[in-house]
Each structure stands twice: as structure tokens, then as C-alpha cells.
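Numbers restart at 1 for each chain; the letters A, B, ... are given by sequence-line order, proteins then strands.
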Amino acid sequence: MKPGPFDYARPATVERAAALLAGSGFAKLLSGGQSLGPMLNLRLARPDLLVDLTHIASLKEIRETKDFLEIGACVTHANIEDGLVPDCTNGMLPSVASNIAYRAVRNRGTIGGSLSHADPAADWVSTLTVLDAEIVIRGAKGQRRVPMANYMLGTFEVALEEGEFLEAVRVPRFSKSARWGYYKFCRKAGEFAEAIGAVVRDPERGVCRAVMGATHSTPILVADATALIGQGFDAAAAGALLDRHEITDAYERQLHVEALRRATVQAGA
Amino acid sequence: MADGDIKEGKGVGARLIRKEDDRYMRGRGQYIADIKLPGMVEVAFHRSPLAHARLRGVTIPEEHRGSVFTAADMVGVKPMRAVSGLPGFKPSEQPAIVTEKVRHVGEPVAICFAEGRAEAEDIAASLIVDWEELPAVSDMLKGREPGAPLLHEHWGDNIFLESFVDGDIESIAKDAAIKVTREIRTARQCMAPIEGRGVVAWWDNRLNQLTLYSACQMPHIIRTGLCGCLGLDHAQVRIIAPDVGGGFGYKGILLAEEVACGWLAMKIGRPVRWIEDRREALTAAANCREHHYFITGYAAADGTLLALEAEATVDSGAYSAYPFSACLEAAQVASILPGPYDFKAYRCRTYSVATNKCPILPYRGVARTGVCLAMELILDGIAVEAGIEPYEVRLKALVPPEKMPFDNITKKHFDSGDYPECLKRAVAAIDVPAVRARQKRGEPDGRLIGLGMSIFCEQGSHGTSVYAGWGIPMVPGHEQAQARMTPDGGLEIRVGVQSHGQGLETTLAQVANEVLGIDPAKIQVVHGDTGMTPYSTGTWGSRCMVMAGGAVATACKELGKRLGRIGAKLLQTDVANVKIGNGEVVGPSGSVSIAEIARVWYLRPQDLPADVDPGGIEVTAGYKPQRDSGTFSYAAHAVVVAVDPVTGGVEILDYVVVEDGGVLVNPMIVDGQVYGGVAQGIGTALLEEMPFDAAGQPLASTLADYLLPGSTDVPSIRILHMETPSPYTEFGQKGIGESGAIGPPAAIVNAINDAIRPLGAEINQVPATPRRVVEAIAAAARAKKVA
Amino acid sequence: MEKLTLTVNGKKVSAEVQPRTHLADFLREQVVLTGTHIGCEHGVCGACTLLIDGQPARSCITFAIACEGADVTTIEGLDDDEVMVQLRTAFSREHALQCGYCTPGMLAMARDIVRRLPNADEQRIRLELSGNLCRCTGYVGIVGAIRSVLEARKGTAAVPLPEKLGPVGSQGLASETVTADVKHEPKPIPPEAFAPTKIAPGPDLPMGKPATVINQSFTVHRPRPEVWAQFGDIASTATCMPGAKLSKPPEGGHVEAEIRIKFGPIVAQFQGELDVERDDAQFRGVAHGRGRDDRQGALVRAEVTYALAEVEGGAATRVDVTVGFTLAGPLAQFSRSGLVNDFASRLTAEFARNLEARMAGGSEAILPAEELSTVSLFFSVVWGRVKRLFARS
């Protein structure tokens, strides 16, 4: 189970990375490689060029403003778990990070890699959606930003144009009184989630968001979840959301609703 | 000696630290993939993507001609055949490389080689194969129906073997107050040792011999099978099983890849290496344990088991794998279903069905895991009907100790044991009243508590009479062992069985120590090499400690006699006056160490008188227990689970095993076997499943699809020991290696059902996945609404 | 081949490697350190776990070339490590290993737990170990051994965590030494021998139910005969499938075509043939297709049925499309079928949208028949959302 042949590039800057990407037939970006590596070994992915972003210093940096925290694409789950990344979410980011796969995977797996791969079951997909994060995108023409809710389009599909890549994520700062909840169901510790419920309640900022994730596609976002979770958890409303997204399997529906309910309870709603 | 006590010393009964650990912990084990020979090439196979199709042609790109061989090139290579002598058995022919028709996904279509594995895979991927797809049999019950697609057309159906055991059920059924019927299913499993299989092969011109390293459990049988396929004499084939990373039965069959790689090494005159990758292991290699039962138990109103009637179907896959054959599971089902229960009437019909899936082989516990599930679910059903505790139903039916030795309804000969006592200890250890009280209280998190049990026996080390009746290519006879002194006083033990985690390098040394008193540190156990060890059927059927252990003891005793005769000469006394033990020969007026005897024999023969026994101090001896019908170890498993009725999640809160394996040679290693077996049984119960689509496509090719139990899925298992010696074996030991894997599915499913029964729900299938649990609860809720 | 320099067990190693060689293979085959074992090569079993820059990582899904300048420690390099000495004694005493195959990875992880989490209880140990599979021991001895070492070291502080951000293995190079050069010629996917007849069903054999079935319905504001005529133009209809193009002009109901599909990092290019049967009386058609992608080792069998029904008093036509397909080969061998269904649904949705557009406004409304791209998918998602909007009302 060895990969097919590919070339390898190790750019030092994001500009060079963008140029390499633009000039290639079928290039794939390599970050920690914890999702891409298996697909390469299985020969499901057969790029002819691998552009390794992990040696670009700027992608391993963090930036803080009073409104948000910007995390470089190549920051690892373990970095976030260990508190090397300042937390602006009252503990949500490190808590989610510490339950992604396994420590040996988290030491190389990156937040940018996970979001670029866009597996619906990935923790960051649901988490950054509920956090209303912004995705900072780099291309040959420079930088642009899109909200996470518009970034993921479907399984393995994101709103990156040809030649673009994910440079960083911006996570809005919680106010002190903000509460969160996050609950995922896995058949086994560390394996793919079957359902994720995520909730952020931050009345000071006027935020009340909820997400049902680990569907077979993009996470289901309720940007104003006041009605859904404001007066206790409205299971019927959650069920109606699943109807709208054509999730018909009874078992899956039950898991999604329950995950959101448990996240809601954790968020103190 | 009380049950479970640990003996002093380093012989039988000692909890001796394992001799093999150090090399493994320092990364110095030598596994198949660690072997690298000069000039070696790497092999990859082009494998069938289809389950059932005719092969019309293979196009090899010009640049790769010479690096690819197909069946057309392998002139004279014979297919693998495992015929059973059971009446009505239909044999199959399994080619090493597909000839005309492919019968399961993953069958090798071409063997490709290159300097590196990646390049070999490049070549394999460059071939274009011309297929004519055929409808597939992906479900064993459909495969039994008339008009189903045929795997082996000339059979006329898809039945390898149908068997029937008849009994007068009717006369009992008419008066039975309780009748419990269930349809029970088990999933197809992959054995999944962490190391897969692999082959390194090269032709030794000096010895005119094919040397083939294989990650296998039974090198001598592989040698015999390989000789048959390749048309070589046994003298021309040497099989070496190096350090092997787990087996569990998975490494107990002759592989197409062994035949193909052996042929390739001869063809190209270079060493070749094929290392099975995980995708190959999951999708293209042997499977196990897919059973289906229609089963009915009849009982009196008080819950006394009266009769059992079953129809069992086993999905045997596409071919009869060498040497165990395609009917190894179904044929055993019929004979072992009654287990340790004593009742009046039994009827069982079994089918071994050919399907478009990988062949099956004997996974740890073999048929017993499914059988135990079926039987124990029925007994719990009877308990519910009778309104008594499930363990009470079992106590009524278990064979009492005073009936030992006991021939059960299928003429299985139980050697010894106290089954009711075993169950009672489990009942006490799990604390049934406390669990019932907790159930009444309810859980704050809404989960439901359930208690489940199973009790079963494990026939192990069964020998000639059992296998001769079965008539497969491999019938075990006397197990042989060699005991050789070295000039420095070391003892070399050579056995034909193979150790791949069981710790035989330690435990067989303990046996030798028990007889001769030589320190295990000075004893080397040599195994896994047909060039260095006596012929043996190998490691399977929980037989090593009984058979090889007995053989080592026999050889050591004979060696001891010879050492005694030499020692007597050195001590200038008659042999009748000496005794051997503690590493020395002791006479009336002094002693001489075994090491000194060996030194004199080899290096200072001039010190020996002319009339010394010339037999030498290398001994090969054969051994059979007094009866070869097998040892019966047994165990009771008791488990408490918490079931989340919303998510279907099952957490194991407590797990108790009461185990009787007779005399334990190394209690630490026995515990390890039980722990590991239980973990695998938990996998069977809750996680492991190889699904297929209607076209026979396997739908799990990674360990993210095929879930193995991890450290959070297995609880801290509690083991309690009983120690009833077998009257027939050397030290009273019994085979116990598979036992742990047999009981968990039954105990866990019974526990889940105990938890969800108040909701009117029941599950009769493994793995009991969260989805299945939720769906069972939902079905019960729907049924309630309708009612 | 690329030049690679890194430190292995304290020694500098320079070698030529293929970019595709993962670290485990590099260490085993080129540095001849075989203590690192390979169990799954997709990052699940943990057998290959070793230390990169002092931290545990999976060497089977880390490419050697990505570890330029890194500090790698294998089990062979930990012979004299203080924690490892304690762990070895405990592992042996607690019978924490049987076949020994998972042991090097298990020890690497155990060492990390002992150093990083000095206060870990049993539950935490089990959670931290859950990425390392052992098939022999049931984990009882392993957990016991780690507990005993933690107990023996009680009071020892946690070892400080790494301070640098980014994946382990990526920190050894000073930024000025990172090379941007690459020898890379973009290669088109090689054209394959077109072999439409090379997967064929036997004569008149029922092949069983398709593994995946997707239903889509949409309404076209044209009368049924007109829509029926459009469906009769096979070339025009077939190319409404995103990424599809005809290999040659259709002959009767027989079409030879190829379709290129991009599903995240997976690109498949199926070549195949399609036979269409139409029932003019019932306004129903069935197309049977077969295709293959030899690069992926994949085969596909598909059955597309469409039925036209009059709606709005005959002014409009509802089209019900059912796509059933069965994949064979590695692409099919995964349990998360929901993901493929999501993708196939979007593909079918876009086919429907293209067909609608073609009938509404002619060919210029159709997206170019390139591979199914992000852009076209975006539209399919929008289309899906629009549909849901209607479904709501």
C-alpha cells in the first residue's frame, strides 16, 4: 500500500506556494498529512505534485487582536490542546483539539489541513462553523476571507478557487460570560464522529449559534438558535432541521438530535 | 495446592517472566518484513476488483513484460485443494493465480515484481484486465436457494456440505411447557493480527531447496501443501516462520501468495518478498465466523432444558482452504452446539455454503463463538419464560461434576470439571443481587443496566480420532519434540509447533525445567523451522501446551534417563542408584551436574568407560495424551453493561471470567491468553464486521472501517481460576488459548437484552452496534404502538 | 529521488529518497532500523509510532522527505532512556506484550503518557492509548504496566511540552534554508487504452440490486413530448452529466463516453459505454452503463431510469430520475457510504439542473463539460438549497 509517484516541493513562503500551485497540473497541498497521507498510501489520491506547506514560517504563527485570534494553517491540534495557542473561547478550542483522533496524530495534524480536507466528520469543520470563524484564503492574487459557513460546500469540497489555499482561520473572541457545548458520538475513541452537536451562547456579543455536524455533508448551522435552544432544547425543531436537510435515516436523526441536546445542556441552556 | 496459587521455582506452575520479551521491547524481533536478502525483489499482486467474473485476458504494458506473470505462465502448478472425508463434501480447486474465473474480490490475477514495493504496485496498477462480470452470491441464505448463481458450476448448487444429526425432538416438544425460537446472526470477521502475512522466498542452489519464510503458524503443513502445489519433494522445501506478529488462526492456511512467491523465486532465480498490506488483509484474505441460526429450545415449566433443535448455516466463502477445509465451522457447529449441557433430545442440520467471499479459516474459538451465542441466547429466553434468573436455568442443565468424565449428547467426551461451581463463582463475583438492585434504582443518566452470562467449554488439543473422522488433509498424530544437550550444559528444545505470542519459548522451557531442573535461562526453544524441528501440524486448536508440552516432557524424561546412565558411570554407581533433578544427577555418594555430563559426553569422551550407553544426549520423542478426544477447559463469563437507549452505545462496566484450564503451566501467560481472547470477543460482540454489497464487494478496507477493540473498549477484566486437572494429559494441563474469545458475544448480548427487555426490545445479532441497538428499541416501540 | 538529511537516534543520516517513501519505510529499508513496525499504513493502528522531535507521531503517514532537518528517535534509540528502562521492566512483569508486534509503538506512546501526564488515572491512560491497537493482550497488562511506572515516578513533574508551533518534523529547518526549488513537469493523466467492451455482463444475467440508488425529481416547463424528444437526443442528454464527454458519436442507443470526477483529493476517470432503451408509450427510458478507471482499479455498473409525467395540465413535465450504481475495486471498499451518496446526489442534482437548463435555454446554458469542478459543485449545492427551500414550503 504505497503511494503512486509524485514530485515534492517545499516552498519557504506563501507566495511561492501559490505560484507552485498555480503552475501545476494536479498538485495537492501537504500540511501534517494525517488525512492526505492515508489517501495517498491507498492510492485514492494520486497528485503529481505535493506542495509541503509545513516549512513556511508564517503558517505556523498566531496573531491576536481584540476581536479575534488568527491561527496559521499549519498550527497543530496538539499545539491548541497544549495551550501553545492562546485561547479566546473559554476553553472550547483546547477541549475540542484534545479529542481529535490520537495524540500521535495531533502532533502532526493541522487545523488548516483538516479544514482543507473538509471531511464532514472532522471536529474543526463543526467547531469553526459554530464559532463563526473566518477562513483566510491565499491565492496568486493575494488574500481573501470567507465565513466558515460559506467555505465548506460538501464532502471534501470547499470554496477554494483553482490555485488557492487556506492560510489561516480567524476565531472571534468570546466574551467572559460566553458558554459553549460540544458533544460528539464516535463508535470508538478517536475515530470518525457519527454525530456532532455544537453550541455557543454569548449574549454579550448577541451570539447564539448551534450546529449539527458529522452529517454526510456540510454541517447544519443555525445562526440564530435562540428559538432552538433559548428556552430549553427544542427537539422537534431540531428534527425539522434534519427534514430540511433530507436526513431521513432514523438512527442518524436520533444521534444528531441527541448530540445537539447534550451540547446544549453543556452550554448551560 | 489451592486454585490459582502460584508455584515457587521455574517449572510448571511458575509465573515466569517471558524469555522472548526483551528482544521485542528493544525492537529486535525479526518479523517477516524485517528479512532482507541480497538481490531481493518486492512483489505486488494485481487483484480482482470483482467478486464473480470470467477472466478473458490480461494486457501487460510492453515495458513491464518480464516483471509480470499470470496463471498461463505457471505451467504445472497445481491448485490448492482441501478435501473433507465427510460424506457428500464437494471439493473446490483454488488456483494460486486466477485461471478462468474469479470467485472473490482480491483473488490474485497476476504477480508483479520490482526493486521496491511501490514500483511493484505501479506495475500491478498498469495492467488492464478484460472481465466478464457474473452475478454474485453475497448472502449465504440466498446462496442456498435454487437458481442462485453458481460458484462451482459442476456442483449444481452452492453447498460444500450438508450435515444432519437427528434426534426425537417431537416426543419432547409436545409436552414442553416452554418453547423458545430465535433467528441469530453473526457478522463476517477478519482476524486482523496487527502484523499481516508475508513471504520471503529464495532458491538455494547448494541444497537444491526452496527456502520460504512465511508469517505462519504451521510451517510443516505449509511445506506439505506447498510441495503438493509446486510438485517438489519435501526435501526441496524448507519453511521458516520467523517472529510472527499474532496469528489467532489467520496464519493457519496455505496461501495463494505462498505458492505464487515460491514459484516466482524459482522462476527468476532471485529472492522475492511479499508483505501483505492492511487492504489485502481486510479485503483479499481469509475471513471467519459468519453464521446464521434458526434455533429452538424446549424446556419444562421450571426452566429445565429438554431439547434443542437447530438449523445452522455457515458462509464458507469461495474455496475450501487448505488444510482445514470449508466445512470446519459448520461440521463443528453440529457437534458442539449442546456444549456442557445435559439434555434429552437434539437435532441439528448444518449447511456450509459457498459464496463469493474470501475462504474461511479457523479463527480463535472457531465455531464455538457463534455456537455459544446461539445456545446462551436460547437459555436466556427460557429463563424469561420460566421467570427465573438466567443462571438458574443453566445450573439446572449443566453437567454435574459427579457425572465426569461425561459423554454428552453428541458423544463429546468431557474429561473433567465442575461446571456448576464455575458458574456459581461467576454469579458471586459479579454480585447478581447488587446488579438487580442497581437496575431497580435506575441510572441518573438514563442508561439501562444489564447483566449477562455465558458458560461454555473449549475442546482443545483434539487429536487423531477426531480429525481422522473429519478426513481433512491434516490429521495430527503423536506430537514430537527433540531435546538436545549442548556441550556447555545448555538444553535445546526443538518443536514443530510455532509460537507467535503464546510465549512457548518460556513455557516449554518451564516444562523442561520441571523434568530436568535445568534453569530456563539455559534452555533454548527452537520452533518455526522445518529444517530444524520435527514434523508437526503446528499451532492451532489450543494444543501446544498439551501436545508440545507433553512431547517436551516425554523427550526430557528420556533424555534424563540417558543423562542418568552417563551420570551413573561418572559417579561409579549403578543407574538404579541415581536420580535426576535440579540440573544434576544425584547418586548415593555425590552428584554430577547435567552440564558436566554434557561436557564429558561431547568434549571429554575419553573420561567415559567403554560400556557407556551409546544412545547420545539428543532425544526425539513422540507424545499423545491417554485419550485423544481432547481436553475440555471451560469458563463462565459474567458482564454488566450500561446501554444508552438513545444512542445505542454499550459500555462494559464489569467483566468477570471464571476459568478452569486444568493445571496452568504459567498462570501469567494463561491470564494473558484469557484477557486477549476476551478483548477479541468484545470485538465480535460490539465492533467487528466485514460488510458486503450485493455484488460481493467488501466494504471495509481500512481499520477505520473495520473497527478493532481499543484500550477504551476493553474493561479491566477480572479473572478467577479453578484448577481441575485433566486426567489424560502430562501435567493435568488443558488447552485454553481460545477460551477467552468464545464467551463474550453471548454474555454481552444477553446483558444488552437484559437491559433493553423492559422496553420490549431484543437483539439477536452481532456485532450489537449502536445502530442495531437503537433499531431494536425502535422496532419494539413500533410493535407496542400497533398492539 | 530527493536528498534528505535528518537525525536518526542521535546520528546524522543523509540519503536519497523518493518523495513517496514514508518515514517508516525509509527507516526500515534504507536506514535498516526494523524496530518500527508497519501495521496499517493509514494511521489507525499505531504500530509505527515513533518520536519526531521528541514527540510521538505516525511514521506511516509522515513522508520521510517532509522530515528534512528533523530529529527522529526509534525504539532502537531508546535502549538507555530512563523512562523506557522502567517501562520495559514493567511491561515484562505485567505481561504487557505477547507477539511483540505492536510493542515498539505501544512503548513510544506509553513513554509519552508517563512523561506528559504524570497524574494520569486508568481512564486517562486508556484514552491516551486508544490510538495504539494491540490484538493480543486485551490491554490489561499494558495499562497495568503504565500505571505501575507512573506510581513509581510519583512526584516527578511533567516533562515540558514543545514550544514551537507546527507539525513535529517541520521545525528543524531554518527558514532561509527551505528550498523552493522543485523539479516538476506537470503531467497530464496518461490516456488509457479505450476499452469499453472490457467489462461486460454475461448474457441476460440479473446482476442484483445496485449498491447505491439515488432518486431526483425536477420539473421542466415544457410539454412532455418536447421533453421526451430532448431525452431522445442521447448525445445532448449524456453531456448534461458533469464531467462527461462522448468518445465518439452515438450509434442508435449505444454511446461510448468518459466521465471525469473529482471527489476531494480523489480523481477518477471512467471510460465506458451506455445503452439506452426507450419506451415511447410509457415515456420511460432506461440506460445501462458500464465503465472502468484502470488507474484507480475501479469498475462501475450503472442503471439510470427516467420517467416523464405530465403536470400543470400538460404545460409542464416532471422528470423522475433514478440513478443506481455499483462500484467495484478500492474506491468502493469503505464503510462511510454516506459520503459517496452525498457526492453522487450532488452529481445527479447537477445533471438534472443541466438538463433543465438545456431544455429551457439551449446548450449555451450548460456548464462546460469539464471535470466536475468546485465551481459546478457550488451551483449544485445552491440548487440543492433551492430545492430544500421549496421542500420547506
Side-chain angles (χ1 to χ4, degrees), chain A residues 1-6 8 34-35 37-46 48 99-105 117 119 121-122 183-197 214 233 235 238-239 248-266, chain B residues 42 44 114 116-126 196 275-284 445-446 644-651 682-683 686-689 701-714 767-779 781-782:
Chain A
M1 220 161 76
K2 314 296 179 191
F6 51 76
Y8 172 84
Q34 303 299 287
S35 297
M39 294 190 115
L40 288 165
N41 285 354
L42 288 158
R43 295 198 182 209
L44 295 174
R46 306 217 26 195
D48 53 16
N99 286 302
I100 297 173
Y102 315 106
R103 179 73 183 182
V105 168
H117 186 60
D119 187 322
Y183 199 94
K184 69 169 166 177
F185 287 114
C186 304
R187 290 278 313 275
K188 274 188 63 180
E191 283 307 319
F192 293 115
E194 297 208 318
I196 291 174
F233 178 67
T248 54
D249 180 88
Y251 166 70
E252 288 175 14
R253 291 174 62 93
Q254 191 160 316
L255 279 195
H256 286 301
V257 171
E258 183 65 9
L260 185 59
R261 189 189 71 77
R262 291 184 188 184
T264 304
V265 170
Q266 190 192 2
Chain B
E42 300 274 354
R117 171 66 178 243
E119 290 81 358
E121 289 185 21
D122 294 345
I123 295 172
S126 75
I275 303 301
E276 181 180 68
D277 66 32
R278 185 56 62 183
R279 177 154 60 194
E280 289 177 301
L282 289 173
T283 63
D445 59 7
D644 186 326
V646 182
T647 67
V650 174
E651 186 191 351
I682 289 171
L686 298 174
L687 295 165
E688 296 179 41
E689 178 167 24
S701 57
T702 74
L703 294 178
D705 306 297
Y706 188 88
L707 300 182
L708 296 176
S711 48
T712 50
D713 305 302
V714 181
T769 59
R771 174 183 286 276
R772 290 195 177 113
V773 171
V774 164
E775 287 176 350
I777 293 171
R782 276 197 304 274

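With chain B as partner, the option from A:Gln254, A:Glu191, A:Arg43, A:Glu258 having the largest number of non-hydrogen pairs under 4.5 angstrom is A:Arg43. Between chain A and the options B:Glu119, B:Glu121, B:Arg279, the largest number of non-hydrogen pairs under 4.5 Å is found for B:Glu121. Among B:Leu686, B:Thr712, B:Leu687, the residue with the largest count of heavy-atom pairs under 4.5 Å with chain A is B:Leu687.
The CD atom of A:Glu194 sits 10.0 Å away from atom OG1 of B:Thr647, with the distance rounded to the nearest 0.5 Å. Residue A:Phe192 holds its CZ atom at 7.5 Å from CG of B:Asp705, rounded to the nearest 0.5 Å.
Only the side chain of B:Asp644 comes within contact range of chain A, with heavy atoms under 4.5 Å apart. With a 4.5 Å cut-off on non-hydrogen atoms, B:Asp122 touches chain A through its backbone and its side chain both. Looking at A:Arg261, neither its backbone nor its side chain comes within 4.5 Å of chain B, counting heavy atoms on both sides. Within the 4.5 angstrom heavy-atom criterion, only side-chain atoms of B:Val774, from C-beta onward, approach chain A. Interface remark: A:Ala189 contributes backbone and side-chain atoms alike to the contact with chain B (heavy atom separation under 4.5 Å). Neither the backbone nor the side chain of B:Ser711 comes within contact range of chain A, judged by heavy atoms closer than 4.5 Å.
Residues passing the side-chain contact (heavy atoms from CB on, under 4.5 Å) test with A:Ala235, sequence neighbours excluded: A:Phe233, A:Val257. By the side-chain contact (heavy atoms from CB on, under 4.5 Å) test, A:Ala101 pairs with A:Val105, sequence neighbours left out.
For the residue pair B:Ala118 and A:Pro3, the shortest heavy atom distance occurs at CB-O, 4.4 Å. Closest approach of A:Met1 and B:Arg117 over heavy atoms only: N-NH2, 3.9 Å.
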key: Test log, rule side chain to side chain contact (heavy atoms under 4.5 Å, CB included), inputs B:Arg771 and A:Glu252   = CA-CA 8 Å; B:Arg771 174 183 286 276; A:Glu252 288 175 14; 3.7 Å; yes
